[in-house]
Number of protein chains: 2
Amino acid sequence: MELLEILECSPPLAREPLSAGQAAGVARVFKALGDPVRLRILSIVASRAGGEVCVCDITDAFELSQPTISHHLKVLKDVGLLTSERRSSWVYYRLVPETLGELSALLTVPTTV
Amino acid sequence: MELLEILECSPPLAREPLSAGQAAGVARVFKALGDPVRLRILSIVASRAGGEVCVCDITDAFELSQPTISHHLKVLKDVGLLTSERRSSWVYYRLVPETLGELSALLTVPTTV
DNA sequence: CATCTATATTGATGGAGGTCTATAGATGCT
DNA sequence: AGCATCTATAGACCTCCATCAATATAGATG
């Protein structure tokens with residue numbers, strides 16, 4: 001089952017308890033967000049004007065080895081937060097806004113106002 | 001520095017890249033959400049009508065040892081997602097809606113509509 | 001005080017994950 | 001073809017963490 005489907009079928013945390021299956025899927029995505037490097041990578045891609053970022057630009061932004069960055073990108077891609085496309089020598093990563101939006105909705109709390 | 005403060009000072013991922021310090025703080029909270037048991041615990045507390053749940057009720061909802069549940073509750077409390085209050089023999093946990101709300105805002109994506 | 005219940009802490013263990021080096025694969029250029 | 005560059009994969013190392021059994025702490029009650 002696609003992770004995005006699980007997110008779409010999971011009620012907001014504040015509405016009703018998650019099933020074990022839903023929790024397992026949702027946890028995979030949050031676990032991907034639970035690393036500072038991945039969070040920074042995601043924010044770099046998500047906030048980029050053109051919408052896409054070359055791997056080389058991301059690698060330059062960190063003092064980490066290239067394989068380590070590649071590993072983090074794979075994790076973010078596997079949970080459906082990023083997609084990638086190769087064009088000639090370079091690979092460009094893009095945000096999947098639907099996944100991020102579903103996560104945001106999941107955490108939404110009834111307005112305390 | 002309080003984690004909630006860090007969340008309040010962190011821009012939405014889609015707006016600008018997180019600093020290393022912001023990412024470290026935010027990652028701690030998402031890491032806490034990156035476990036299926038903790039997600040279910042959080043949803044149980046967040047969706048409870050009265051707003052508070054006794055530890056014994058949570059323990060009953062899982063086939064895990066009592067110390068394991070206690071450990072997960074501590075993790076959720078340490079990152080500011082839950083608070084606890086002891087009343088006589090029992091300890092009651094409550095959601096901290098501000099923290100969840102800040103997380104939700106952090107993941108908000110400009111409406112694709 | 002003694003004891004029972006509810007919850008937290010400690011210490012141990014097995015497995016997951018972040019990082020690195022080395023290497024492989026893919027693309028373009030000469 | 002051969003080489004240089006960009007990215008991904010494989011394997012190793014080390015740390016972190018989820019879980020448990022055992023024990024400690026706190027409150028109620030006899």
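Letters A, B, ... mirror the listed sequences (proteins, then strands); counts begin at 1.
Here K77(A) lies out of heavy-atom contact (under 4.0 Å) with every strand. Using a 4.0 Å heavy-atom cutoff across all strands shown, Y92(A) reaches no nucleic acid atom at all. If you check every strand for non-hydrogen atoms under 4.0 Å, R38(A) touches sugar and phosphate atoms only. Using a 4.0 Å heavy-atom cutoff across all strands shown, S89(B) reaches sugar-phosphate atoms only and no base atom. Across all strands shown, T68(B) has heavy atoms under 4.0 Å from base atoms, whether or not it also approaches the sugar-phosphate. Among the protein residues, H72(B) comes within range of the sugar-phosphate backbone only, with heavy atoms under 4.0 Å from sugar or phosphate atoms but none that close to a base.
Straight-line distance from the CD1 atom of I41(A) to the C1' atom of dT7(D): 14 Å, rounded to whole Å. Atom NZ of K31(A) and atom C1' of dC16(D) are 12 Å apart (whole Å). Atom CG in D35(B) sits roughly 18 Å away from atom P in dC16(D) (whole-Å rounding). In this structure, CG of L73(B) is placed 7 Å from P of dA8(C), rounded to the nearest angstrom. One can place CD of E85(A) at 15 Å from C1' of dT27(C), the figure rounded to the nearest angstrom. Spacing between atom CZ of R87(B) and atom P of dA28(D) amounts to 12 Å, rounded to whole angstrom units. The distance from atom CG of D78(A) to atom C1' of dA8(D) is 12 Å, rounded to the nearest whole Å. Atoms NZ (K74(B)) and P (dA24(D)) sit 19 Å apart, rounded to a whole Å.
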Query raised in the report: Stepwise, does the side chain to side chain contact (heavy atoms under 4.5 Å, CB included) test hold for I41(B) with V53(B)?
Result: CA-CA 10 Å; I41(B) 292 177; V53(B) 181; over 6 Å; no

Query - Stepwise side chain to side chain contact (heavy atoms under 4.5 Å, CB included) check, L18(A) with S10(A) - result: CA-CA 7 Å; L18(A) 292 176; S10(A) 300; 4.0 Å; yes

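OP1 and OP2 of dA6(C) both lie 4.0 Å or more from every side-chain N or O belonging to Y93(B).
Comparing I69(B) and V37(A), the nucleotide of DNA chain C nearest to each residue sits closer to the 5' end for I69(B). Between P67(B) and H71(B), the residue anchored closer to the 5' end of DNA chain D is H71(B), taking for each the nucleotide with the nearest heavy atom.
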**Report entry** Nucleotide pairing, DNA chain D (Watson-Crick or G-U, distances under 3.5 Å), in dot-bracket with [ ] and |
**Finding:** ||||||||||||||||||||||||||||||

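The CD atom of Q22(A) lies 10.5 Å from the CG atom of L39(B); values are rounded to the nearest 0.5 Å. Rounded to the nearest 0.5 Å, atoms OH (Y92(A)) and CZ (R86(A)) are 10.5 Å apart. Annotation: the span from R94(A) atom CZ to S84(A) atom OG amounts to 11.5 Å, rounded to 0.5 Å.
Across every non-hydrogen atom of A61(A) and R40(A), the tightest pair is O-NH2, 4.1 Å.
For S70(A) (side chain) and Q66(A) (main-chain N/O), no donor-acceptor pair under 3.5 Å exists by modelled atom type.
Linking ILVMFWY side-chain heavy atoms closer than 4.5 Å, directly or via other members, places L82(A) and V91(A) in a single hydrophobic cluster.
Under 3.5 Å, the side chain of Q66(B) and the base of dA6(C) form no donor-acceptor pair of N or O atoms.
Checking dT27(C), dG27(D), dA6(C) against every side-chain atom of S88(B), the shortest atom distance belongs to dG27(D).
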